[in-house]
Number of protein chains: 2
Amino acid sequence: MQKQWDIDSLTADIVKRIKKQTLADKNGKLPSERKLMAYYNVSRYALRQALGKLSKNGYIYQIQGRGSYIHEHHDQTNSINQSDLGFTEDLAREGKSIQTVSAFQRIVPFSEIDFSPGNQQFSDDQLFVEIERFRTLENKPYLVEHSYYLPEIVGEISEEAMYGSMFDYLSKEKGLTVGFIDKFIRCELLTESYATFFHLETNMPSLTVRDDSYLREGELVAFSKVYYDYRDATLFMHKKLLE
Amino acid sequence: MQKQWDIDSLTADIVKRIKKQTLADKNGKLPSERKLMAYYNVSRYALRQALGKLSKNGYIYQIQGRGSYIHEHHDQTNSINQSDLGFTEDLAREGKSIQTVSAFQRIVPFSEIDFSPGNQQFSDDQLFVEIERFRTLENKPYLVEHSYYLPEIVGEISEEAMYGSMFDYLSKEKGLTVGFIDKFIRCELLTESYATFFHLETNMPSLTVRDDSYLREGELVAFSKVYYDYRDATLFMHKKLLE
DNA sequence: TAGTGGTCTAGACCACGGT
DNA sequence: CCGTGGTCTAGACCACTAC
């Protein structure tokens, strides 16, 4: 009885073998799909699902009639890969430490909020849990996160949670699963208080990311805006054409 | 003999019916996959490929055990959707006009270039075709594009091409197909000449996008940096989790 | 329990690239 | 011509949601 592969374990194993350089030949060419099917004993569909994930994230590229090849994309320092999970989470994954150095929470009505989700309106007296977090990367000021959560969905948010990953907190403590996020990336000027945190002058710029986070069920659960130190933050994206 | 659907026409038809609001019910729920299969007379695979594209781009979301639903994401003014084609191209598609108001071309060695592709190095005397283009959106200064093309691949670039879409030019005139692009988004300070174009002061910020463009065959064909007016440019992105 | 989307198989044909 | 990836079919079982 040999090992059974599903798409996730298959994907992971191919990545592992690519990194160990035991899969591709010296030109970076992978074995053909038919050979990989035989090797892993999976169907064409399962194999192509796995290769499709790698292709989407820029690990490989495929050329009809020729084969599949490894694509080395430079792992830029402090770069944020949108194809992976949450923005800050994957920095930690690379051995960097993200810490929340201070955090505030209060309840505010919609009328006092100076930015709003892209596709939804609320009445002025709709209440939100406002959270503001100042976070460092390797002990250096890195980002300010300004979020508004819908109290009807998330309930109360504990003080401890504000110093960790909100994503994990919602999932583990509240049983809420975020399904998708709309992101709006801009460049904006810093107010005095945020500029001070970054050791910058007022009106210096910031790379900002506005998120609208939706539950798996399609319901808006939070919207937020993250201000990054423009000197450190780079957002990485891999785009396939011809799809 | 009824109409034959392939994935692209199927995707397009579903989008059309969603926009005409003749597919979903009043709650934004689409017919089940089995019903759509029967309606279009296609296999589950083809249908799910089409729905997968819509899901990836944020048009719909799917919930296991419940169904598929439309996701209305606000069409932000001047927003650039990374899931679509070239960055500037899709603004034109929405009826906005992008024009090149001035353009320069010269040949330079690698040693004189102040930014470089993420994963590749060249010898100092490797020559590049440098192109600088100043472009307006609706007659308002919108972006500056600073690109370096590999002359061994693209050959000479005509003056006319510099005032249109380089993407189309490479494809139609040179028979070159760009297969994928690595993008690095940052916020940077403007030099005097660029700032002047945007009617901004020196050292005001800009949303910048560094592109490394690769041919379908995996060969680097150009790298560039685009500076957007930070007041106008918003980059839109839709992210699915749990994949 | 019935219906939904998620995963997976086995097989076929097509389009393209290199010989 | 053969081998490659790209598309598509028919069918099966699983996981989850609602009732």
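Proteins get letters first, then strands, A, B, ... in listed order; numbering begins at 1 in each. Values below: all heavy atoms of this structure, side chains included; hydrogens, waters and symmetry mates excluded.
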Which residues share a ring pair (Phe, Tyr, Trp, His ring centres under 6.0 Å) with [X], sequence neighbours left out:
X: B:Tyr148; value: B:Phe115, B:His146, B:Phe223
X: B:Tyr69; value: B:Tyr61
X: A:Phe122; value: A:Phe110, A:Phe128
X: B:Tyr45; value: none

Within this structure, what is the [atom1]-to-[atom2] distance between [X] and [N], rounded to whole angstrom?
X: A:Arg216; N: D:dC16; atom1: CZ; atom2: P; value: 9 Å
X: A:Met37; N: C:dA12; atom1: CE; atom2: P; value: 12 Å
X: A:Leu215; N: D:dT17; atom1: CG; atom2: P; value: 13 Å
X: A:Asn41; N: C:dT9; atom1: CG; atom2: P; value: 8 Å
X: B:Glu217; N: C:dG17; atom1: CD; atom2: P; value: 8 Å

Per-nucleotide protein contact string for nucleotides 1-7 of chain D, where B marks a base within reach and S marks sugar-phosphate only (heavy atoms under 4.0 Å, - for neither): --BBBBB

pair A:Leu241-B:Arg216: side-chain heavy atoms closer than 4.5 Å: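 Side chain of A:Leu241 against side chain of B:Arg216, heavy atoms only: no contact under 4.5 Å found.
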
Sequence neighbours excluded - salt bridge (Lys or Arg N to Asp or Glu O under 4.0 Å) pairs with any residue from residues 32-51 of chain B: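 Output for this query lists B:Glu33-B:Arg44, B:Glu33-B:Arg48.
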
